[in-house]
Colleague: 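I'd like to ask you about the structure that follows.
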Amino acid sequence: MAQSVSALHQVHQPSPTATPTGGRRHGIGFALIAFAFLTAMAFSTVPTPLYPLYMAEDGFSTFMVTVVFATYAVGVIISLVLAGHLSDQFGRKKLLLPAIGFELVAAVLFLTSTSLPVLLVARLVTGLGVGLVTATATAHLHDLHTAHRPGASTQRFELVSTAANIGGLGVGPLVAGVLAQWVTGPLRTPYLVFAALLLASAVAVVLTPETVETPRTRPAYRPRRISVDHGDRAGFTAAAAAGFASFAVFGLFTSVAPGFVAGALHHPSRALAGLIVFVVFGAAATAQSLTARLSTAAKRTLGLVAQLVGVVTLVAGMRTGDLTAFLVGGVVAGVGAGVLFKASVGTVAALAAPARRSEALAGLFLISYLGLTLPAVGIGVATRSFSAVTVMTWFAAALLVLLATVAALARRRPADAG
């Protein structure tokens, strides 16, 4: 997902050549924004290992867990489309501070009640904040890196933005799961800890230099344009289907997977649930970084194979009650999802004309976020009538058909140069 947002910001306000003092300030600011970015993304997945506790507390079903999760994704989509591009006009800090403010409001809501209506509102507000944070923090990191190290390779920026974004998504469940397992108040303490970290993040943003010079006359507001028509229909369709498949795996592990581990696999440990999500997202982030030099076509092939093998292994682990197989399958599927999505971004960026690249990528992200929500909600609906193992088998079968479709469509177009 880090790659997705950085690609949305191909055009940045040019940063002035950094003086030695300015360079140091931008270098410190780079570290501060990375901390704020990681904290905000981690907060967004704090509820993941806690969902079984919410289910026990209020008695709602796996289906309602997926509805709560889908509400978050809706908030992200709304925020990305309506405001994700506004930091180019108003400045990075003027968007980051309200974004962190949204997440602080969500933390307060989580602390006030465990009821379903409050959870729904809190997750929507979290999504609104995350949509702003991902777009703006990635652009801010790019600007700060450029000002601190003019002319240097962007490798540090890419590694740090990936670690903060996808790594943060894994850190949240790990911290929440450990706190829920061994500290009193499992449905309160994680939010208190992250509320303090979010306040520290707001201070970090305030202390960081602004990198966008606000124009005297701002252009009229327009939502981000979204487009799915960019000449090569087979190429774009393959990339969009791959993005949908990748995010379906991410959605699985941030919504219903902890419940499966506690129920079908009979391992109710909150720390274990958090660790599993952390390992899956950590594998995705690491794989994205390690495959940076591969061509787009090579990334696509690796992603397809890894996701196929991982999902099959994961379901086999569920069917045999083998936690190790489930975990190995999750890690391999996470690697596949991370690499496959990175290949999708590369494909769409190459297909679109430079003037339409942002709207093309926005179309890809919209379809990908549908992959984050629709399969998870479908799993939740199906578990009302069928066992978790049966539903996961269906999910795997549908995903394998989708991956085969991606491979077939990709073969219909010339190989990517990379």
Side-chain angles (χ1 to χ4, degrees), residues 1-16 18 22 25-41 44 76-77 79-103 128-150 152-168 201-202 204-215 218-219 221-226 288 342 345 348-349 354-355 357-362 364-365:
M1 289 185 231
Q3 182 76 6
S4 68
V5 184
S6 61
L8 271 174
H9 292 270
Q10 299 294 324
V11 180
H12 300 281
Q13 295 284 346
S15 298
R25 288 185 64 236
H26 287 95
I28 294 170
F30 183 86
L32 292 174
I33 295 302
F35 163 74
F37 193 6
L38 186 144
T39 299
M41 298 309 294
S44 72
V76 175
I77 293 171
S79 185
L80 278 173
V81 172
L82 296 184
H85 57 301
L86 293 183
S87 71
D88 289 336
Q89 300 173 24
F90 294 94
R92 311 302 186 206
K93 294 168 68 170
K94 289 181 180 177
L95 269 291
L96 275 178
L97 288 172
I100 293 173
F102 274 124
E103 297 209 347
L128 293 173
V130 166
L132 285 176
V133 165
T134 51
T136 308
T138 303
H140 205 179
L141 283 174
H142 183 279
D143 296 345
L144 292 165
H145 169 83
T146 302
H148 180 221
R149 299 182 179 180
S153 164
T154 60
Q155 185 175 13
R156 180 184 71 146
F157 155 71
E158 292 171 0
L159 287 173
V160 171
S161 61
T162 298
N165 194 335
I166 296 185
S201 298
V205 172
V206 170
L207 296 176
T208 300
E210 179 58 75
T211 56
V212 171
E213 188 174 326
T214 306
R218 295 193 184 97
Y221 168 77
R222 286 187 183 134
R224 180 179 296 282
R225 290 189 63 184
I226 293 174
Q288 283 195 341
K342 192 169 186 179
V345 172
V348 172
R357 188 169 292 144
S358 179
E359 63 186 79
L361 288 164
L364 171 65
F365 308 143

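Atom set for the values below is all heavy atoms of this structure, side chains included, hydrogens, waters and symmetry mates excluded.
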Colleague: Closest heavy-atom contact between Ile33 and Ala137?
Modeller: CG2-O, 4.1 Å
Colleague: Taking all atoms of both residues into account, what is the closest heavy-atom pair of Ala36 and Val205, and its distance?
Modeller: CB-CG2, 4.2 Å
Colleague: Roughly how far, to the nearest 0.5 Å, is NE2 of His26 from OG1 of Thr211?
Modeller: 7.0 Å
Colleague: In Å, rounded to the nearest 0.5 Å, how long is the span from OG of Ser161 to CG of Leu38?
Modeller: 12.0 Å
Colleague: Between Phe37 and Ala164, which heavy-atom pair has the shortest distance, and what is it?
Modeller: CD2-CB, 3.7 Å
Colleague: Which residues pass the side-chain contact (heavy atoms from CB on, under 4.5 Å) test with Ala40, not counting sequence neighbours?
Modeller: Glu103, Val133
Colleague: Could you grab the distance from atom CZ of Arg222 to atom CG of Leu82, nearest 0.5 Å is fine?
Modeller: 15.0 Å
Colleague: Would you say the side-chain atoms of Lys342 pair up with the backbone N or O of Gln288, donor to acceptor, closer than 3.5 Å?
Modeller: yes
Colleague: Are side-chain heavy atoms of Phe157 and Thr138 found at a separation under 4.5 Å?
Modeller: yes
Colleague: What's the separation between atom CG in Leu141 and atom OG1 in Thr136, rounded to the nearest 0.5 Å?
Modeller: 11.0 Å
Colleague: Using the ring of Phe30 (Phe, Tyr or Trp, six-membered ring only), decide whether Arg156 places NZ or CZ under 6.0 Å from its centre and within 45 degrees of its axis.
Modeller: yes
Colleague: Taking side chain as C-beta onward, heavy atoms only, is Val76 less than 4.5 Å from Thr134?
Modeller: no
Colleague: Which pair of non-hydrogen atoms, one from Val206 and one from Lys93, has the smallest distance, and what is that distance?
Modeller: O-NZ, 3.0 Å
Colleague: Please identify each residue that fulfils side-chain contact (heavy atoms from CB on, under 4.5 Å) with Leu207, with sequence neighbours left out.
Modeller: Leu32, Val203
Colleague: What pair of heavy atoms forms the shortest contact from His140 to Pro209, and how long is it?
Modeller: NE2-O, 3.1 Å
Colleague: For Val212 and Gly91, which heavy atoms make the closest approach, and how far apart are they?
Modeller: CB-CA, 3.9 Å
Colleague: Please enumerate all residues that pass side-chain contact (heavy atoms from CB on, under 4.5 Å) together with Leu132, with sequence neighbours excluded.
Modeller: Ser79, Ala83, Leu95, Ala99, Phe102
Colleague: How far does CG of Leu144 sit from CD of Glu210, to the nearest 0.5 angstrom?
Modeller: 9.0 Å
